[in-house]
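In what follows, every chain begins at residue 1, and chains take the letters A, B, ... in the order their sequences are listed.
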Amino acid sequence: EVQLVESGGGLVQPGGSLRLSCAASGFTFSTYWMGWVRQAPGKGLEWVANIKQDGSEKQYVDSVKGRFTISRDNAENSVSLHMNSLRAEDTAVYYCVRAPATGAKRDFDYWGQGTLVTVSS
Amino acid sequence: IQLTQSPSSLSASVGDRVTITCRASQGITIFLAWYQQRPGKAPKLLIYAASTLQSGVPSRFSGSGSGTDFTLTISSLQPEDFATYYCQQLNSYPLTFGGGTKVEIK
């Protein structure tokens, strides 16, 4: 059974930093792109970042470029999101996603339960 | 690429046929996915490649379209289908989602 379990969310002051982690199990982690999607309270979904199987390619939404860094550890079956210079508008539930990218199958087929990040003084 | 979903909300009864549309600001071939999100839960993949049903998803869900215009159809609405639905384009970065369609009970 595929499982994605996020951790690391919490309350942080504006300008602060936080590291989210996602532990993956139930599939061959090193063969999948992985990513993060966030959802501000009462709002829609926003893709944040993706990382290729070997970590050689990383993509970010413009609003987090230069502040967030996605990384992965294929030996530990984990993906992380390092968030710096946090702003109030980064407040959201952050979901870890598995992102197949094989032929026509491009989607986010598994999601974690989400971890809440609140940026407030 | 901007995705415009319509309607933003709708009221329907159990057994109704429901159609949600998603329009892309430029062509995305077939790289469009649909998700269902129930309150307080993570989204769930329903359809990928515009029209391919994800494994385990009931056959009352179907998707169609290519290029810029796409639809998600629920052939006979069930009580568990009352949720918010999102489209997503995966043709090019930055990946984007539509604004969502909330399906409520009439």
Side-chain angles (χ1 to χ4, degrees), chain A residues 1-6 9 20 22 24 26-27 32-52 57-66 68 70 92-116, chain B residues 1-9 20 22 24 28-57 61 63-66 70 72 83-103:
Chain A
E1 178 193 8
V2 172
Q3 285 198 323
L4 301 172
V5 180
E6 302 96 337
L20 305 183
C22 171
F27 64 101
Y32 285 87
W33 282 74
M34 298 295 295
W36 291 90
V37 173
R38 67 184 179 184
Q39 186 169 36
K43 302 298 185 182
L45 302 171
E46 180 182 40
W47 167 76
V48 175
N50 270 17
I51 185 168
K52 196 175 180 179
E57 182 178 343
K58 304 174 184 181
Q59 299 282 350
Y60 301 92
V61 68
D62 282 351
S63 60
V64 309
K65 282 180 182 175
F68 290 12
I70 189 171
V93 173
Y94 284 73
Y95 294 102
C96 173
V97 295
R98 190 177 84 165
T102 304
K105 193 179 193 332
R106 298 183 192 178
D107 51 58
F108 292 168
D109 63 352
Y110 285 93
W111 298 61
Q113 83 286 354
T115 187
L116 177 62
Chain B
I1 299 173
Q2 295 183 1
L3 297 180
T4 303
Q5 280 185 241
S6 60
S8 56
S9 66
I20 298 168
C22 179
I28 58 171
T29 63
I30 62 165
F31 295 118
L32 187 104
W34 289 96
Y35 301 87
Q36 175 194 67
Q37 187 177 33
R38 298 187 177 112
K41 300 295 187 182
K44 172 189 173 183
L45 176 66
L46 300 176
I47 302 279
Y48 64 91
S51 61
T52 304
L53 199 65
Q54 173 70 355
S55 176
V57 174
F61 291 93
S64 65
S66 67
F70 302 86
L72 173 70
T84 300
Y85 294 84
Y86 295 92
C87 58
Q88 180 200 24
Q89 68 83 18
L90 301 104
N91 183 71
S92 61
Y93 288 105
L95 307 182
T96 47
F97 289 90
T101 297
K102 187 173 184 179
V103 177

Practice problem: Go through the atoms of A:Q39 and report whether side chain, backbone, both or neither lie under 4.5 Å from a heavy atom of chain B. | Solution: side chain
Quiz item: For the candidates A:V93, A:V97, A:N50, A:V61, which exhibits the highest count of non-hydrogen atom pairs separated by less than 4.5 Å from chain B?
Solution: A:N50
Self-check item: Side chain / backbone / both / neither for B:L95 at chain A, heavy atoms under 4.5 Å
Solution: both
Quiz item: Which of the residues B:L32, B:N91, B:L45 is involved in the greatest number of heavy-atom pairs with chain A at under 4.5 angstrom?
Solution: B:L45
Self-check item: Proximal component of A:D62, with respect to chain B [non-hydrogen, under 4.5 Å]
Solution: neither
Quiz item: chain B heavy atoms under 4.5 Å from A:V37: which part of the residue, side chain, backbone, both or neither?
Solution: side chain
Quiz item: Should the pair A:R106 and B:F31 be classed as cation-pi, given the thresholds of under 6.0 Å to the six-membered ring centre and 45° from the axis?
Solution: yes
Exercise. May I ask you to decide if the ring planes of A:F108 and B:Y35 are parallel, tilted or perpendicular, using 30° and 60° as cut-offs?
Key: tilted
Quiz item: If only atom types and distance count, is the side chain of A:K105 paired as donor or acceptor with the main-chain N or O of A:P100 below 3.5 Å?
Solution: no
Quiz item: For the residue pair A:Y60 and A:F68, is the inter-centroid distance of their aromatic rings smaller than 6.0 Å?
Solution: no
Quiz item: Taking the six-membered ring for Trp, is the centroid-to-centroid distance between A:W111 and A:Y95 below 6.0 Å?
Solution: yes
Exercise. Would you mind telling me which of B:L90, B:T96, B:I47, B:T29 has the largest number of heavy-atom pairs within less than 4.5 Å of chain A?
Key: B:L90
Exercise. May I ask you to decide if the ring planes of B:F97 and B:Y86 are parallel, tilted or perpendicular, using 30° and 60° as cut-offs?
Key: perpendicular
Quiz prompt | Test item: A:E6 side-chain N/O and A:Q113 main-chain N/O as donor-acceptor pair under 3.5 Å | solution = yes
Practice problem: Between chain A and each of B:P43, B:S55, B:P94, count heavy-atom pairs under 4.5 Å; write down the option with the most. | Solution: B:P43
Practice problem: Just give me the residue among B:K44, B:K41, B:Q37, B:Q54 that pairs up with chain A most often, heavy atom to heavy atom, under 4.5 Å. | Solution: B:Q37
Quiz prompt | chain A contact via B:A42 - which portion, at a heavy-atom distance below 4.5 Å | solution = both
